[in-house]
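In what follows, a single structure is set out as structure tokens and then discussed.
Starting from 1, each residue takes its place in the sequence as its number. Numbering of ligands and ligand atoms starts at 1, following listing order. Side chains included, hydrogens not; waters and symmetry mates left out as well; all remaining heavy atoms used.
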Amino acid sequence: MIEVNGIRKRYGDFVAVDDVSFSAGAGEVIGFLGPNGAGKTTTMRILTGFLPATDGTASIAGHDIHKAPLEARRATGYLPESPPVYPEMEVRSYLTYVSKLKDVPRAKRREAVDRALERCGLTDVDRRPIGQLSKGYRQRVGIAQAIVHEPQVLILDEPTVGLDPNQILEIRELLASLAASKDGETGHTIVLSTHILAEVEALCRRVILIRQGKKVLDQPLDEITRDGGSLEAVFARLTLRGDVGDEVASGSDAETGAEG
Ligand SMILES: Nc1ncnc2c1ncn2[C@@H]1O[C@H](COP(=O)(O)OP(=O)(O)O)[C@@H](O)[C@H]1O
Ligand SMILES: [Mg+2]
């Protein structure tokens, strides 16, 4: 469903994403982890067509992101790190607007919006201006806009950042329902970035860890946690400065610590 081959992104001399490859099967939920500044958002922006890669290729649902960008984007729902804000807009109007942008045929828009509202628990607030909602509900709106055109793939960039513990659990349940197969159909294929490792343990079957733009781990979660291992320990071991030796990119501290 997702194939990523040797994606690289340079900003001048700085390599933000360095030869990252991975794949995800239909219905697979992948935890995309790494310290701040590792290159997660950059990778996600490339996969969703918002940023050109310097090198490498990728395909979403069989559509090459460079050769068939429209088809690839149609197959993808994206919750960006900082979603665009339309505080005055009512939830329903906003989702209808997004469904137009995503080429949902006019005759199907209402049904598509109703379905997204329902799946995200927004039906009761559909006429409320987005700016009046709590942050947890605004994040649900962000997820609703990602699923409104029924994409097979969801790319979610830190969907629970800034939420309180109850809101985090609610979003986690929502993501679990999107991942689950329903009416005999495979659930969404999801790439999820987060710093909440419990979220990964609850939702993801596989973990990809990047550090300084390079992939340093790609492993099923059950292998990681077998024999009492913890994701926390693996994260610390692979990302604390100086521990992976040759795998570390050669950027200076000044460059690589920019956002850290
Ligand atoms: N437009 C840009 N120009 C230069 N450097 C950038 C730009 N965008 C991101 N970076 C750098 O690329 C690295 C990866 O950033 P990002 O993908 O946002 O990491 P993450 O999402 O893992 O925190 C960081 O060091 C960041 O400062
Ligand atoms: Mg980021």
- Task: Is it possible for you to check whether R92 lies under 6.0 Å from the centre of the six-membered ring of Y97, through NZ or CZ, and within 45° of that ring's axis?
- Result: no

- Given G12, A16, S193, which one has a non-hydrogen atom that is nearest to atom 12 (O) of ligand 1? A16

Give the table of side-chain donor-acceptor pairs shorter than 3.5 Å for residues 161-180, with sequence neighbours excluded, one pair per line with atom names and distance.
unit_1: D164; atom_1: OD1; unit_2: N166; atom_2: N; d: 2.9
unit_1: D164; atom_1: OD1; unit_2: Q167; atom_2: N; d: 2.8
unit_1: Q167; atom_1: OE1; unit_2: D164; atom_2: N; d: 2.9
unit_1: E170; atom_1: OE1; unit_2: R140; atom_2: NH2; d: 2.8
unit_1: S177; atom_1: OG; unit_2: L174; atom_2: O; d: 2.8

- Near T42 (heavy-atom distance under 4.0 Å), the atoms of ligand 1 are 14 (C), 15 (O), 16 (P), 17 (O)

- Distance col, row S99:OG vs K108:NZ, nearest 0.5 angstrom, shows 12.5 Å

- Query: Do you see an N/O/S atom of E81, backbone or side chain, under 2.8 Å from the Mg ion (ligand 2)?
  - Reply: yes

- Out of curiosity, is G39 lining ligand 1, as in a heavy atom under 4.0 Å away? yes

- Message: Can you check which of F14, F32, Y11 brings a heavy atom nearest to atom 8 (N) of ligand 1?
- Response: Y11

- D157 and T41: side chain to side chain donor-acceptor pair (under 3.5 Å), yes or no, with the steps? CA-CA 7 Å; D157 198 353; T41 295; 2.7 Å; yes

- Message: Pairs of nitrogen or oxygen atoms closer than 3.5 Å, one from T43 and one from ligand 1: do any exist?
- Response: no

- Message: Side chains of L217 and V207, heavy atoms from C-beta outward: is any pair under 4.5 Å?
- Response: yes

- Nearest candidate to atom 18 (O) of ligand 1, where distance is taken over non-hydrogen atoms, out of V17, T41, L51: T41

- Would you check if the Mg ion (ligand 2) lies under 2.8 Å from any N, O or S atom of M44? no

- Item | Pairs where residues 133-192 contributes a residue and the test ring-ring contact (aromatic ring centres under 6.0 Å, His included) is met, not counting sequence neighbours | none

